[in-house]
Every structure is written in structure tokens, then in C-alpha cells.
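What's counted below: heavy atoms across the whole structure, side chains too, no hydrogens, waters or symmetry copies. Residue indices begin at 1 and follow the sequence shown.
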Amino acid sequence: MKKEKLEQIANAMSGLSYREFEEIASRIEASYHVTKKELTSEEISSVIKNIH
């Protein structure tokens with residue numbers, strides 16, 4: 001992921017309460033585990049590179 005994208009995500013999340021942050025983190029983790037079970041590491045890398 002490019003630095004600019006990371007900055008955008010960090011800025012968007014900067015105003016979240018702790019509870020909101022935990023909820024988002026939980027959803028990301030759940031999504032990651034599903035993806036991890038379905039795709040190979042090469043496929044995951046390819047998907048991540050193509051996220052805009």
C-alpha cells in the first residue's frame with residue numbers, strides 16, 4: 001500500500017472513539033481471516049497491490 005493511501009486511512013480514522021476503532025478493527029480482522037482461508041499468499045498480494 002502506498003504511503004498516501006495509509007495517510008488517507010489514518011486521517012479518516014483519527015476522529016474515531018476507542019469503541020468505533022475496536023469495531024472497525026474487529027471487522028477488518030474477520031474479513032482478513034475469511035480472505036486468508038480462501039486465497040493463497042500470492043493472490044492476497046495481488047489483490048492488495050490492485051486496491052486503489
Side-chain angles (χ1 to χ4, degrees):
M1 183 179 302
K2 293 183 179 181
K3 185 177 179 177
E4 295 82 18
K5 187 67 170 180
L6 291 172
E7 295 275 336
Q8 289 175 340
I9 293 169
N11 287 334
M13 295 182 72
S14 66
L16 297 176
S17 69
Y18 181 75
R19 183 178 210 164
E20 291 167 330
F21 178 84
E22 286 295 313
E23 183 177 341
I24 291 170
S26 175
R27 290 182 185 194
I28 290 170
E29 187 170 338
S31 177
Y32 170 75
H33 287 297
V34 170
T35 301
K36 185 177 175 185
K37 291 177 186 174
E38 294 174 356
L39 301 175
T40 65
S41 60
E42 292 83 12
E43 291 170 322
I44 292 170
S45 294
S46 176
V47 169
I48 290 170
K49 288 178 185 176
N50 291 319
I51 293 175
H52 297 278

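Sorted by first then second residue, the salt bridge (Lys or Arg N to Asp or Glu O under 4.0 Å) pairs that include residues 14-27, not counting sequence neighbours, are Glu23-Arg27.
Ile28 and Ile9 end up in the same hydrophobic cluster when Ile, Leu, Val, Met, Phe, Trp and Tyr side chains are linked at under 4.5 Å.
For the atom pair CD of Gln8 and CE of Met13, the computed distance is 14.0 Å after rounding to the nearest 0.5 Å. Leu16 CG to Ser14 OG: the interatomic distance, rounded to the nearest 0.5 Å, is 7.5 Å.
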